[in-house]
Amino acid sequence: MDLRYEAYCFADRQFYDLQSSTEGTPGDDFSIDLPALPHDWVMIERNVWRHHHPQGVRLPNQGWKIHVSAGLDNAGRVLRKTYDYCVERRIPFKYLRTMSIVLARNSKYAPREGSGKLITIYPAGTAQLEAICTELGQLLDGEHGAYVLSDLRFGKGPLFVRYGGFSEQWLEVDGQQVLAIEGPDGKLVADKRKPVFSTPEWIELPEFLAPHLAARNAGDPEKFPYHIKSSLHFSNGGGVYLATRKSDGKEVVLKEARPHAGLDREGRDAVARLELEHQVLTRLHGVRGVPEVYDRFTEWEHLFVAMEFMPGRSLGQWLGHNYPLTRRETTPEDLREYRERAQALIGRVEDLVGQVHERGVVFGDLHTMNILVDEDDQVSLIDFELSSTIEDVHRPTLGAPGFQAPNDREGFDIDAYPLAALKLWIFLPLNAVLELAPAKLRQHVRVVAERFGLSEDYQRQIVDVLTPRTDPPADPAFTSFDDESPDWTVVRKEIATAVLHSATPHRKDRLFPGDIEQFEVGGTCFGYGAAGVLHALAHSGEGRYAEHEDWLVDRTKHDPPKQPGFFVGAHGIAHVLENFGHHDLATELVESYAPLVRTTQDHGLSTGLSGIGLNLLHFADSRGDGGYAEQAGELAERLEQQLEQAPAPGQKAKAGLLHGWSGPALFFLRMFEHTADERWLDRSEQALERDLAETMVALDGSLQVRDGTLRSLPYVGIGGAGIALVLTEFAKVAPERPCVTKLPDLLSGCTGEFVIQPAFTLGRAGLMATLAHAHRHRPDERLGRAVDRHLKALGWHAVRYGGGLAFPGVQLRRLSMDLNTGGAGVLLAIASTVDGTPPLPFLGSRTPVTSDR
């Protein structure tokens with residue numbers, strides 16, 4: 001799970017957003033209590049940070065920087081002292097804008113490398129670095145804050161130092177743009193920002209910091225009473241480890257809590273919660289299925305608690321292995337057997353929670369990752385840090401989406417709610433959608449009751465508990481997807497209505513709310529930004545919108561993309577602008593990013609050479625300009641060399657349309673069509689074979705992309721569908737080639753009835769579009785039925801918004817409108833499925849519908 005999403009859930013209840021982008025001035029803005037800057041200072045707000053820089057002070061691009069940490073209780077005081085110190089001495093610095101941002105960046109699931117950083121100070125050199133550490137360290141003596149894991153601590157106070165970039169410089173690493181610094185030869189290298197202190201190999205540690213490094217390394221690991229065997233989990237609050245006790249070799253789980261870190265929404269840190277867990281486990285001693293607690297101690301300022309290792313895998317993993325609706329074929333007997341097994345398992349969870357209640361404990365955090373299932377389907381509970389006693393119930397402020405009890409539940413009812421949620425989840429694991437749209441509860445219950453034959457009593461157990469007690473919704477969850485014969489023109493109009501309603505043309509960072517990646521790569525790009533949304537609206541027949549095109553043009557000019565790639569950079573924007581008639585700006589983008597293209601090494605369609613090459617061929621065709629074709633040919637030759645030198649497949653595959661070799665395969669295929677040179681057809685087959693080498697036979701016998709040793713992926717972005725889309729195009733040209741024989745098994749991996757997300761690149765919409773694309777090329781009744789199932793099942797995710805229908809994005813926590821992860825992608829997939837339009841640029845031309853709908 002990508003833990004970055006949690007931090008983007010604080011600002012808005014409907015969309016992923018930066019807290020700095022919420023309208024109005026929050027009451028907890030630190031600037032309210034700070035004095036005005038002198039007239040010769042410049043203030044700039046950028047995302048969550050407020051930068052202060054004295055005019056006339058010039059800084060290098062990189063160097064030693066200082067981070068100042070603080071807790072919620074002393075953040076204002078620490079900031080005021082640091083602010084006064086830096087302003088008086090004309091030292092540039094930045095600080096987090098509000099107390100809410102401080103809480104979000106120090107919460108349990110915030111990125112660990114950014115934890116603790118309240119203020120960043122930029123010294124002009126080593127001498128000033130030492131002076132600031134010494135003088136400011138004295139001013140802040142006695143203050144506390146979370147340890148900044150990426151830094152070296154100065155003394156015992158809240159100051160931390162690391163070497164890194166002062167100004168933004170970017171470098172492409174494995175197809176991703178990362179912050180960079182200059183190496184000793186002047187070339188850019190990655191500015192490593194991992195949660196461990198390190199310095200670039202050519203940088204010497206300043207002499208005055210040597211004692212502090214020695215103090216950091218002074219702990220004797222031999223005296224630590226446990227031997228760490230492996231890490232099980234990390235969060236901003238600490239780690240969970242599998243360990244053995246040195247005194248007798250007993251295997252234990254060792255939980256670690258960092259002070260002032262891993263905050264919940266009440267400001268309690270990880271130490272307070274682990275103390276509570278120790279107390280609760282002591283109270284539950286002897287309950288079978290609850291870990292026995294062995295030890296509690298403090299080391300390196302961190303609290304540790306050792307407890308019994310409980311066998312089994314999480315209920316989430318159990319479902320992933322056993323859930324029948326993800327398979328390509330499911331029989332009534334499969335459904336009956338699963339129903340009986342699942343209900344028996346949930347019954348055991350209920351019994352165990354009942355025993356916990358008998359001891360007067362409210363578990364408080366019942367969800368699929370805190371329930372372990374062993375080989376005999378016996379269950380145990382772990383992670384009691386949000387528990388409380390019935391005498392003093394503490395309502396959890398952390399919790400898993402879709403399982404956290406609402407505020408109207410008290411006492412043991414706090415656990416009754418997630419128990420009912422589990423009864424639904426085990427048959428349709430989409431509980432997070434209900435947080436966005438509680439009215440969909442009855443629809444989801446109706447779906448699973450019909451599919452699994454659930455009794456009316458079982459249905460009531462779910463509905464009666466999960467229905468909100470205050471202002472229960474009517475049932476507006478019925479959507480146009482639920483009609484017996486949906487009118488897809490109406491469905492598309494409703495999706496377009498929601499997309500357009502979400503637009504924020506007054507904002508400069510993004511036009512349409514989407515995935516969190518838009519805040520990294522920019523709100524104009526094809527995959528996550530305005531270009532892709534406007535493309536989807538136009539190509540699905542929902543029109544063009546001058547105001548929004550003007551926004552795209554304006555922001556492209558004033559805030560150019562960071563990279564040239566198609567889905568996340570200049571070429572995707574240029575593609576859309578070209579098709580909309582903004583030829584001059586499209587030309588400017590292609591030409592101005594040519595130097596970056598020459599240094600691009602990634603081969604993928606999303607960020608790399610294949611997407612750029614395909615767009616150059618598009619320009620060559622649309623303008624009749626052979627110069628663009630020549631540029632594309634040069635990129636094809638570079639990709640040809642990379643293909644010959646491609647490393648062997650690894651365990652964590654990247655095969656698929658966006659990041660694998662299927663993107664170059666599509667580019668080579670279009671080069672063959674453009675030049676009639678068989679060399680490029682051979683290279684296309686070779687690239688497809690390279691992606692096929694990263695596939696595995698999944699549990700249901702289909703062919704999917706390997707993701708580690710136990711998991712496989714069927715999706716478009718990374719997964720079998722991405723390979724199948726290109727292989728379908730290849731089969732039109734060279735059906736006799738051996739690689740084409742793999743296409744049926746890849747398509748089988750797209751036919752499963754249940755898909756966790758609706759998105760195009762990593763969800764149901766992309767699987768549907770892939771099957772429809774193949775079905776048009778070679779009609780197949782089985783594929784046609786799967787397409788129809790996918791079309792209807794998109795309604796499981798459809799949420800009413802702005803007079804239309806919207807869809808949840810990655811992790812289902814918030815709605816998204818972008819092409820890769822949200823409504824625009826769903827819209828494009830439906831149009832492609834129903835009307836025969838190309839599912840994405842470069843994937844064929846408009847063809848008539850061959851299936852009967």
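All values below come from the heavy atoms of this structure, side chains included, with hydrogens, waters and symmetry mates left out.
- Taking the six-membered ring for Trp and the full ring otherwise, the centers of Phe93 and Tyr83 sit less than 6.0 Å from each other.
- Note that CG of Asp17 is 10.5 Å distant from CZ of Arg814, once rounded to the nearest 0.5 Å.
- Side-chain contact check for Glu277 versus Leu274: some heavy-atom pair is nearer than 4.5 Å.
- Here the shortest heavy-atom pairing between Leu152 and Leu213 reads CD1-CA, 3.7 Å.
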Practice item. Take Thr504 and Arg510, measure what side chain to side chain donor-acceptor pair (under 3.5 Å) needs, and give me the verdict at the end. Key: CA-CA 7 Å; Thr504 55; Arg510 57 106 158 127; 3.0 Å; yes
Exercise for review: Let me see the working for Phe567 and Thr607 under side-chain contact (heavy atoms from CB on, under 4.5 Å), right down to the final yes or no.
Suggested key: CA-CA 6 Å; Phe567 271 78; Thr607 64; over 6 Å; no
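- Heavy atoms only, all atoms of each residue included: Pro429 and Ile756 are closest at O-CD1, 3.1 Å.
- The closest side-chain heavy-atom distance from Ser606 to Val568 is below 4.5 Å.
- With hydrogens and angles disregarded, a donor-acceptor distance shorter than 3.5 Å links the side chain of Asn106 to the backbone of Gly116.
- Closest heavy-atom contact between Phe234 and Gly239: CD2-CA, 3.8 Å.
- A donor-acceptor pair under 3.5 Å links the side-chain atoms of Ser387 to the main chain of Phe363, judged by distance alone.
- When every heavy atom of Leu254 is checked against every heavy atom of Ala243, the shortest pair comes out as CB-CB, 4.3 Å.
- Residue Lys246 places its NZ atom among more than 12 non-hydrogen atoms of other residues, nucleotides or ligands, all under 6.0 Å distant.
- A cation-pi arrangement is present between Arg265 and Phe10 under the rule of less than 6.0 angstrom and at most 45 degrees off the ring axis.
- In terms of the side-chain contact (heavy atoms from CB on, under 4.5 Å) criterion, residue partners of Asp707 (sequence neighbours excluded) are, by chain and number, Lys652, Arg711, Leu713.
- Note on ring orientation: taking the six-membered ring where Trp is involved, the planes of Tyr163 and Trp64 are perpendicular (angle over 60°, cut-offs 30° and 60°).
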**Study point:** Full working for side-chain contact (heavy atoms from CB on, under 4.5 Å) between Leu381 and Leu366
**Key:** CA-CA 8 Å; Leu381 299 177; Leu366 188 67; 3.8 Å; yes
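- By the side-chain contact (heavy atoms from CB on, under 4.5 Å) test, Thr126 is found to be paired with Pro206, residues two or more places apart in sequence or in another chain being considered.
- Rounded to the nearest 0.5 Å, atoms CG (Leu139) and OG1 (Thr82) are 8.0 Å apart.
- Remark: Arg50 fails to qualify as a cation-pi partner of Phe30 under the 6.0 Å distance and 45° angle criteria applied to the six-membered ring.
- Looking at heavy atoms from C-beta onward, Leu276 lies out of side-chain contact with Glu385 at the 4.5 angstrom threshold.
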For residues 189-200, run the donor-acceptor check on the side chains, cut-off 3.5 Å, and write out each pair with its distance to 0.1 Å, sequence neighbours left out.
from, atom 1, to, atom 2, distance (Å)
Asp191, OD1, Arg162, NH2, 3.0
Asp191, OD2, Gly165, N, 3.0
Asp191, OD2, Arg193, NE, 3.4
Asp191, OD2, Arg193, NH2, 3.1

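- Listed by chain and residue number, Trp49, Lys65, His67, Lys94, Tyr122 satisfy the side-chain contact (heavy atoms from CB on, under 4.5 Å) test with Thr120 (two or more places apart in sequence, or in another chain).
- Atom CG of Asn74 and atom OG of Ser69 lie 8.0 Å apart (nearest 0.5 Å).
- Side-chain N or O atoms of Asn236 include one that pairs as donor or acceptor with a backbone N or O of Ser107 at under 3.5 Å.
- Taking CG from Leu118 and CD from Glu143, the interatomic distance works out to 11.0 Å, rounded to the nearest 0.5 Å.
- Salt-bridge check for Asp383 with Lys255: passed, with a basic side-chain N closer than 4.0 Å to an acidic carboxylate O.
- Aromatic ring pairs are classed by plane angle as parallel below 30°, tilted from 30° to 60° and perpendicular above 60°; the pair Tyr147 and Phe160 is perpendicular.
- For the pair Val161/Asp151, no side-chain contact is recorded, criterion being any heavy-atom separation below 4.5 Å from C-beta on.
- Atom CE of Met369 has 12 or fewer neighbouring heavy atoms from other residues, nucleotides or ligands inside a 6.0 Å radius.
- Under the 4.5 Å side-chain criterion, counting only non-hydrogen atoms from C-beta, Leu136 is in contact with Ile121.
- Between Ile414 and Ala405, the shortest heavy-atom distance links the atoms O-CB, 3.6 Å.
- No side-chain donor from either of Asp515 and Tyr8 sits under 3.5 Å from a side-chain acceptor of the other.
- A distance of 6.5 Å separates CZ of Arg268 from CG of Leu386, quoted to the nearest 0.5 Å.
- With sequence neighbours excluded, the residues forming a side-chain contact (heavy atoms from CB on, under 4.5 Å) with Glu256 are Tyr241, His302, Phe304, listed by chain and number.
- Residues Asp33 and Arg80 fail the side-chain proximity criterion, which asks for heavy atoms closer than 4.5 Å.
- Every residue two or more places apart in sequence or in another chain that forms a salt bridge (charged side-chain N to carboxylate O under 4.0 Å, His left out) with Glu301 is listed here: Arg153.
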Exercise for review: I would like to know whether Leu96 and Arg105 meet side-chain contact (heavy atoms from CB on, under 4.5 Å); could you show each step before the answer?
Suggested key: CA-CA 9 Å; Leu96 295 177; Arg105 289 177 67 90; 3.6 Å; yes
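- Residues Pro513 and Leu815 have side chains not in contact (no heavy-atom distance under 4.5 Å, counting atoms from C-beta outward).
- The six-membered or imidazole ring of Phe309 lies away from that of Tyr294, with a centre-to-centre distance of 6.0 Å or more.
- The backbone N or O of Gln811 lies less than 3.5 Å from a partner atom in the side chain of Gln757, making a donor-acceptor pair.
- Between Phe208 and Leu129 there is a side-chain heavy-atom pair separated by less than 4.5 Å.
- Between Gly145 and His260, the shortest heavy-atom contact is O-CD2, 3.6 Å.
- No salt bridge links Arg4 with Glu520; every basic N to acidic carboxylate O contact stays at or beyond 4.0 Å.
- Side-chain atoms of Thr761 never come within 3.5 Å of backbone atoms of Gly717 as a donor-acceptor pair (strictly under, hydrogens ignored).
- The existence of a salt bridge linking Glu435 and Arg13 is excluded, since no basic side-chain nitrogen approaches an acidic carboxylate oxygen closer than 4.0 Å.
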Practice item. With side-chain contact (heavy atoms from CB on, under 4.5 Å) as the test, would you mind laying out the steps for Glu308 and Leu281 before giving the verdict? Key: CA-CA 10 Å; Glu308 181 183 3; Leu281 289 178; over 6 Å; no
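- Rounding to the nearest 0.5 angstrom, the gap separating the OG atom in Ser816 from the CD atom in Glu517 is 11.5 Å.
- In this structure a side-chain-to-backbone donor-acceptor pair under 3.5 Å is missing from Gln169 to Ile181.
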